[in-house]
Amino acid sequence: LLVVNATAKAGYAGTIAKKIEAADFPTVAAANAKGDYEAKDYLLVETEDASAAALLAELNTATGLDLQLSTQKSQEDSSGKYDAVVVLGK
């Protein structure tokens, strides 16, 4: 899982990544966002399916965020290294 910061808040992705790790998600990386986003928080996945919806619910609970599901994962993870990307936009 990759968490990227699309805001001006320094260290925000790292803070959220630690919350996700505390909820027993293994190997969570943090970075700055490559793309430009509206002021919303997103969960980027390859396809919208039942497993993506379940992950969305788990991450919303773990972080206290209101993530919106999107299939634009390649914008932040063009190499396909991560299963999903959390974009912090607000």
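Computed over heavy atoms, backbone and side chain alike; hydrogens, waters and symmetry mates excluded.
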Identify the heavy atoms of [X] and [Y] that sit nearest to each other, and give their distance.
{"X": "V28", "Y": "A17", "result": "CG1-CB, 3.6 Å"}
{"X": "V45", "Y": "A84", "result": "CG1-CB, 4.1 Å"}
{"X": "T7", "Y": "G89", "result": "CG2-C, 3.6 Å"}
{"X": "L67", "Y": "L43", "result": "CB-N, 4.2 Å"}

Hphob cluster co-occupancy, Y12 + V4, side-chain heavy atoms under 4.5 angstrom: no
Distance from [X] atom [atom1] to [Y] atom [atom2], nearest 0.5 Å?
{"X": "N60", "Y": "L65", "atom1": "CG", "atom2": "CG", "result": "7.0 Å"}
{"X": "T63", "Y": "I20", "atom1": "OG1", "atom2": "CD1", "result": "6.0 Å"}
{"X": "L56", "Y": "T61", "atom1": "CG", "atom2": "OG1", "result": "9.0 Å"}
{"X": "D83", "Y": "L44", "atom1": "CG", "atom2": "CG", "result": "13.0 Å"}
{"X": "E76", "Y": "N32", "atom1": "CD", "atom2": "CG", "result": "9.5 Å"}

Check side-chain contact (heavy atoms from CB on, under 4.5 Å) between [X] and all other residues, then give those that pass, not counting sequence neighbours.
{"X": "A13", "value": "V3, N5, A30, L88"}
{"X": "Y82", "value": "L2, A29, D77"}
{"X": "E48", "value": "L69, T71"}
{"X": "A53", "value": "none"}

Please list all pairs passing the salt bridge (Lys or Arg N to Asp or Glu O under 4.0 Å) test where one or both residues lie in residues 25-39, with sequence neighbours left out.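 Sorted result for residues 25-39: E38-K40.
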Salt bridge (Lys or Arg N to Asp or Glu O under 4.0 Å) contacts in which one or both residues fall within residues 6-24, not counting sequence neighbours: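 Qualifying pairs, neighbours excluded: none.
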Is there a donor-acceptor pair under 3.5 Å between the side chain of S70 and the backbone N or O of Q72? yes
What pairs of residues pass the ring pair (Phe, Tyr, Trp, His ring centres under 6.0 Å) test when at least one of them lies in residues 51-78, not counting sequence neighbours?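 Residue pairs passing ring pair (Phe, Tyr, Trp, His ring centres under 6.0 Å), neighbours aside: none found.
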Using salt bridge (charged side-chain N to carboxylate O under 4.0 Å, His left out) as the criterion, list what pairs up with E58, not counting sequence neighbours. none
With sequence neighbours excluded, what pairs up with D41 under the salt bridge (charged side-chain N to carboxylate O under 4.0 Å, His left out) test?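 Once residues adjacent in sequence are excluded, D41 has no partner under the salt bridge (charged side-chain N to carboxylate O under 4.0 Å, His left out) criterion.
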Please list, chain by chain and in numerical order, all residues satisfying ring pair (Phe, Tyr, Trp, His ring centres under 6.0 Å) with Y37, sequence neighbours excluded. Y42
